[in-house]
Enquirer: 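Input: one structure, supplied below.
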Amino acid sequence: RESECSDLLAALERNVTCPKCGKLCTEACTLGCGHVLCAKCATVNPSCAVGGCFSGSSSRPRVDLVVGKVAAVLAELRSRASPRAPSTKRRRIQGSGKSTRVKGPVFLGTTLSPDQARDLQKLAEMTDGVVAAQYDRRVTHVVLPSKSAAAAKRTIKFMMGVVAGAWVVGFDWVEACLSQGCRRPEESFEIRKDERTQHRDAATKGRQSPGSLFKNLALNVATTFTTKPSRAEVCQLVSLGGGQLVLDPNEAKPGRRYLRLEPEGGPGMGSFRWLCDCISAFEVLPLT
């Protein structure tokens, strides 16, 4: 009976595996011929890749939620079956070029001085953590150069930490940890406000509701974002805050408000300044 179940699962997995890339179709599209591709492969080339099927791409691939759910369940079963170390996580830290086993926190400094960067590295070594070069979802602490009581400089990394729910702390937390030789509680060192607004406690609100600020928005980020910030940085900021990235109003999920985002805004549009103010207040503000 156990063998029969294994054979059944193997057959089911073959039917929900993309024939082009060989990965489970957790986001699946069905072609006109009835065969399934993952959404990524179907977007690049919607022609069938199954041997003996010569169907072209005359009909548009349609999203197949049933196949996607089945593939997601199989992927979860596969991950549970894989042996894992109980106390050590493997994380790929951006900028390191390889996976690193990390037991402790993942720190990211923003606009730190060379001396402060060295002290942050000392703290990482003391806590079995690492210092990341860029922001990703594994970052646990964003460290600013100012004291926690001071108004913080509004940087991209600072705002990413707020919307994603990381600890956003002043450098006096690092100093306190090093002076006492252990990791101190972060709450009293959390940044309370930034220098551009009178709103307070955005970092605390973000930590309590991570990835939720833009959950009701579908944002079309204009290609006119080039540098400081780049379009990629703005898109990452929106995604970390739970926003949906779209190119067309019709792509917006039900219940989400469509909004175009331009660097300087415009009639009926959001600006980058508006986006930053929303993060500082930790609420979606009216357009100005």
Side-chain angles (χ1 to χ4, degrees), residues 40 43 94-95 108-113 132-139 141-146 150-166 168 170 191-207 209-288:
K40 183 177 180 180
T43 301
Q94 293 190 18
L108 179 67
T110 174
T111 63
L112 300 182
S113 70
Q134 302 174 42
Y135 199 99
D136 70 22
R137 294 182 184 273
R138 288 152 289 195
V139 169
H141 293 70
V142 176
V143 180
L144 279 69
S146 56
K153 184 177 180 181
R154 187 189 273 179
T155 67
I156 288 288
K157 292 176 181 177
F158 161 69
M159 291 187 291
M160 286 181 178
V162 171
V163 297
V168 182
I191 295 296
R192 298 302 173 194
K193 66 185 294 292
D194 67 61
E195 60 188 8
R196 297 287 188 90
T197 180
Q198 295 302 311
H199 294 286
R200 298 180 62 85
D201 299 325
T204 303
K205 295 173 184 176
R207 185 168 48 78
S209 302
S212 66
L213 178 58
F214 303 128
K215 65 181 181 181
N216 295 322
L217 294 181
L219 294 172
N220 180 353
V221 181
T223 57
T224 46
F225 283 96
T226 53
T227 58
K228 294 184 180 181
S230 66
R231 185 174 185 273
E233 288 174 325
V234 177
C235 288
Q236 186 180 8
L237 195 55
V238 170
S239 294
L240 289 170
Q244 180 191 2
L245 294 169
V246 298
L247 297 176
D248 184 90
N250 296 325
E251 297 176 4
K253 294 179 181 178
R256 287 185 181 256
R257 172 190 174 194
Y258 171 83
L259 190 65
R260 182 169 175 80
L261 198 64
E262 292 276 358
E264 302 300 327
M269 300 180 185
S271 65
F272 182 65
R273 175 63 185 269
W274 169 81
L275 188 75
C276 296
D277 288 343
C278 290
I279 294 170
S280 294
F282 207 77
E283 65 175 291
V284 178
L285 301 172
L287 296 175
T288 55

Enquirer: Just by distance, do the side chain of Gln244 and the backbone of Arg256 share a donor-acceptor pair under 3.5 Å?
Expert: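 Between the backbone of Arg256 and the side chain of Gln244 there is no qualifying donor-acceptor contact (under 3.5 Å).
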
Enquirer: Hey, what do you get for CG (Leu217) to OH (Tyr258), rounding to the nearest 0.5 Å?
Expert: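 Rounded to the nearest 0.5 Å, the CG-OH separation comes out at 12.0 Å.
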
Enquirer: Minimum heavy-atom separation for Ala152 to Ser146, with atom names?
Expert: CA-OG, 4.3 Å

Enquirer: Provide the closest heavy-atom pair for Ser271 versus Trp274 in the form atom of the first, atom of the second, distance.
Expert: OG-N, 3.0 Å

Enquirer: What closest approach, in Å, do Leu237 and Val163 show between heavy atoms, and which atom pair accounts for it?
Expert: O-CG2, 3.9 Å

Enquirer: Would you mind reporting whether Ser239 and Arg137 have side-chain heavy atoms less than 4.5 Å apart?
Expert: yes

Enquirer: Let's go through Phe282 and Ser212 carefully: what are the C-alpha distance in whole Å and the side-chain angles of both, what is the deciding distance for side chain to side chain contact (heavy atoms under 4.5 Å, CB included) to 0.1 Å, and is it a yes or a no?
Expert: CA-CA 9 Å; Phe282 207 77; Ser212 66; 4.1 Å; yes

Enquirer: If you look at every heavy atom in Thr223 and Thr226, which pair is closest and at what distance?
Expert: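 Heavy atoms of Thr223 and Thr226 come nearest at O-CG2, 4.4 Å.
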
Enquirer: Before you tell me yes or no, could you show the steps for Thr204 and Arg192 under side chain to side chain contact (heavy atoms under 4.5 Å, CB included), namely the whole-Å CA-CA distance, both residues' side-chain angles and the distance that decides it to 0.1 Å?
Expert: CA-CA 8 Å; Thr204 303; Arg192 298 302 173 194; 3.1 Å; yes

Enquirer: Return the minimal non-hydrogen interatomic distance between Lys205 and Ala281, and the atom names on each side.
Expert: NZ-O, 4.0 Å

Enquirer: Output the distance between atom NZ (Lys157) and atom CG (Leu108), rounded to the nearest 0.5 Å.
Expert: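 Lys157 atom NZ to Leu108 atom CG measures 5.0 Å (nearest 0.5 Å).
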
Enquirer: Quick test of your reading of the model: are Asp136 and Arg138 salt-bridged, counting only N-O distances below 4.0 Å?
Expert: yes

Enquirer: Before giving the answer on side chain to side chain contact (heavy atoms under 4.5 Å, CB included), spell out for Lys153 and Glu195 the whole-Å C-alpha distance, their side-chain angles and the decisive distance to 0.1 Å.
Expert: CA-CA 6 Å; Lys153 184 177 180 181; Glu195 60 188 8; 3.7 Å; yes

Enquirer: Is it true that Arg154 and Ser280 share a donor-acceptor pair across their side chains at a distance under 3.5 Å?
Expert: yes

Enquirer: Distance check, rounded to the nearest 0.5 Å: Met269 atom CE versus Leu219 atom CG?
Expert: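 Between Met269 CE and Leu219 CG, I get 13.0 Å after rounding to 0.5 Å.
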
Enquirer: Can you confirm whether the side chains of Arg231 and Thr224 place a donor and an acceptor under 3.5 Å from each other?
Expert: no

Enquirer: Please report the closest heavy-atom contact between Gly170 and Ile191, naming both atoms and the distance.
Expert: N-CD1, 3.8 Å

Enquirer: Does the pair Asp201/Arg207 count as a salt bridge with the N-to-O cut at 4.0 Å?
Expert: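 No, this pair does not count.
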
Enquirer: How long is the gap from CZ on Phe272 to CD on Glu264, to the nearest 0.5 Å?
Expert: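 Atom-to-atom, Phe272:CZ and Glu264:CD are 10.5 Å apart.
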
Enquirer: So, taking the atom named OG1 in Thr155 and the one named OH in Tyr135, what distance separates them when rounded to the nearest 0.5 Å?
Expert: 11.5 Å

Enquirer: Is any side-chain heavy atom of Asn216 less than 4.5 Å from a side-chain heavy atom of Val284?
Expert: no

Enquirer: Out of curiosity, Ile279 CD1 to Phe214 CZ, how far, rounded to the nearest 0.5 Å?
Expert: 4.5 Å

